[in-house]
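Everything on this sheet refers to the single structure shown next.
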There are 2 protein chains.
Amino acid sequence: MKMGDGVEQAIHSVAMLSGLSEGGVLSAAALAEFHGVSTSYLLKHLQALSGAGILDTVPGPKGGYRLAKAPKEISLLDIVLAVEGSAPAFRCAEIRQRGPNPVSDRLFAQPCTINAAMLKAERVYRAELAKTSLADIGIELTAVDDGSIAARGCAFLEIHERKTAR
Amino acid sequence: MKMGDGVEQAIHSVAMLSGLSEGGVLSAAALAEFHGVSTSYLLKHLQALSGAGILDTVPGPKGGYRLAKAPKEISLLDIVLAVEGSAPAFRCAEIRQRGPNPVSDRLFAQPCTINAAMLKAERVYRAELAKTSLADIGIELTAVDDGSIAARGCAFLEIHERKTAR
DNA sequence: TAATCGTGGATATTTTTTATCCACGAATTG
DNA sequence: CAATTCGTGGATAAAAAATATCCACGATTA
């Protein structure tokens with residue numbers, strides 16, 4: 001059972017956006033460069049996030065992505081589901097009903113207790129993720145050239161603007 | 001995030017073994033035929049289960065697999081970990097430290113809160129799976145030719161014995 | 001002693017994930 | 001108003017896992 005790398009990229013991207021000042025946006029290219037990952041791949045997840053209503057997009061020059069709602073209203077679960085889809089990790093293939101001696105009688109068509117137990121654990125997992133919001137994650141900080149400390153998103157935004165200003 | 005199909009096969013196999021009468025065993029071939037899955041593939045998981053101390057093996061003719069301990073002592077988590085490995089689903093690649101502006105200073109080398117939150121959710125998930133034992137799952141029942149009801153394992157064991165008796 | 005079973009490693013096959021590319025439409029800047 | 005910059009969405013290629021198979025070996029029991 002492995003979670004895709006896209007989830008980590010997505011969460012860090014959203015976390016960085018949550019540290020931006022009012023009106024600030026970051027382009028997909030900037031986010032990808034900042035994290036050292038493939039732009040086209042990150043783009044796919046950013047689109048999933050905007051499709052899920054977590055991010056807003058700002059088209060045109062100076063455009064990019066920003067949060068669609070308050071950090072407090074965005075949970076880790078929201079992000080995970082947007083990127084990985086909402087299908088449960090455990091999929092019961094009802095192998096009870098296969099083979100030469102299946103539990104085929106309607107009388108025995110009661111729900112698979114194994115499936116039930118696995119899904120319950122997954123509900124608990126999701127509930128835990130739902131408890132944690134972006135606000136709980138906190139803003140990642142970084143050191144700037146002048147020795148001060150700033151939110152990573154803001155710091156990189158400046159670097160990026162300086163570059164595009166040339 | 002998807003859990004391998006092997007998990008379902010493994011759990012059903014173990015559940016079936018828990019329904020056997022004292023001294024009874026089922027061969028890998030029987031378990032595979034019963035569930036309608038590939039023998040060689042199931043074998044891989046059965047070996048993982050015996051390696052993890054969940055199943056015992058009985059070599060020789062009339063040999064096979066049986067539980068290594070009481071159903072109450074075997075949790076779903078034990079089985080999942082034996083088959084899927086114990087690595088967490090979420091692997092933090094520390095992408096904070098990548099890109100042109102990494103959080104590299106020792107001062108900021110505090111643990112990644114995102115990773116912490118994801119791993120906590122996974123601990124909760126595993127704790128829930130650990131709560132459920134084979135005894136809680138119950139024995140799967142099936143209808144037999146003569147109209148009676150029997151544990152699926154026993155029923156198939158008889159079928160299998162009849163076949164090998166020829 | 002012959003048949004049966006599990007062991008373990010090597011290997012092929014299939015599926016999924018990851019990653020990339022391109023043509024298009026929309027919005028903004030100058 | 002035109003050029004630039006951005007996101008959209010589908011198609012596609014490359015890489016990685018999962019799934020499935022095979023074979024030679026050792027152990028056990030009828």
Side-chain angles (χ1 to χ4, degrees), chain A residues 1-10 13 17 23-33 35-52 54-66 68 83-85 87 89-91 93 95 160-161 163-166, chain B residues 1-10 13 17 23-33 35-52 54-66 68 83-85 87 89-91 93 95 160-161 163-166:
Chain A
M1 183 167 64
K2 181 172 177 285
M3 182 167 280
D5 295 341
V7 174
E8 185 180 5
Q9 300 178 14
S13 294
L17 291 175
V25 298
L26 276 174
S27 71
L31 285 168
E33 182 186 353
H35 288 125
V37 301
S38 153
T39 303
S40 357
Y41 189 46
L42 179 62
L43 211 40
K44 184 180 175 181
H45 301 310
L46 292 176
Q47 286 175 21
L49 290 169
S50 85
I54 296 171
L55 298 183
D56 271 346
T57 66
V58 180
K62 304 258 178 178
Y65 289 92
R66 70 181 169 214
V83 173
E84 291 263 318
F90 183 85
R91 281 98 153 181
I95 63 178
H160 209 68
E161 279 173 348
K163 200 179 339 183
T164 46
R166 279 176 208 151
Chain B
M1 183 165 68
K2 181 172 177 285
M3 184 167 279
D5 295 341
V7 173
E8 185 180 4
Q9 301 178 15
S13 294
L17 291 175
V25 297
L26 276 174
S27 71
L31 285 168
E33 182 185 355
H35 288 125
V37 301
S38 152
T39 303
S40 357
Y41 189 47
L42 179 62
L43 211 40
K44 183 181 176 180
H45 302 310
L46 292 176
Q47 286 176 21
L49 290 170
S50 85
I54 296 170
L55 298 184
D56 271 344
T57 66
V58 179
K62 305 260 179 174
Y65 289 91
R66 70 180 168 213
V83 173
E84 291 264 317
F90 183 84
R91 280 98 154 183
I95 63 178
H160 209 68
E161 279 173 349
K163 200 181 333 181
T164 47
R166 279 176 207 148

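Letters A, B, ... mirror the listed sequences (proteins, then strands); counts begin at 1. In this text, all values refer to a predicted model and were calculated from it rather than measured experimentally.
Here the P atom of nucleotide C:dA2 and the NZ atom of B:Lys62 are 21 Å apart, to the nearest Å. What separates CG of A:Leu26 from C1' of D:dG7 is a distance of 15 Å, to the nearest Å. For the pair B:Asp56 CG and C:dC5 P, the interatomic distance rounds to 18 Å; values are reported in whole Å. As a whole-Å value, the separation of A:Arg66 CZ from D:dG7 C1' is 14 Å.
Between B:Thr39 and B:Ala29 the shortest heavy-atom distance is CG2-CA, 4.0 Å.
Looking at heavy atoms from C-beta onward, B:Met3 lies in side-chain contact with B:Glu84 at the 4.5 angstrom threshold.
Toward the 5′ end of DNA chain D lies the nearest nucleotide of A:Pro61, the other residue of the pair A:Pro61 and A:Thr57 mapping further downstream.
Among residues two or more places apart in sequence or in another chain, the side-chain contact (heavy atoms from CB on, under 4.5 Å) test is passed with A:Ala48 by none. A:Ala52 meets the side-chain contact (heavy atoms from CB on, under 4.5 Å) test with A:Ile54, A:Ala82; sequence neighbours excluded. For A:Lys2, the salt bridge (charged side-chain N to carboxylate O under 4.0 Å, His left out) test picks out A:Asp5, with sequence neighbours left out. Every side-chain contact (heavy atoms from CB on, under 4.5 Å) that B:Ser40 has, sequence neighbours left out, goes to B:Ser38.
Distance check, rounded to the nearest 0.5 Å: OH of A:Tyr65 to CG of A:Leu46 gives 5.0 Å. Atoms CG and CD, from A:Leu42 and A:Gln47 in turn, are 10.0 Å apart once rounded to the nearest 0.5 Å.
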### Message
Protein within reach of the bases, or only the backbone? For nucleotides 13-25 of chain D, mark each nucleotide 5' to 3' as B, S or -, using heavy atoms under 4.0 Å.
### Response
------BBB----
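The overall bend of the helix from C:dT1-D:dA30 to C:dG30-D:dC1, read as the angle between its terminal helix axes built from five base pairs each, is 10° when rounded to 10 degrees.
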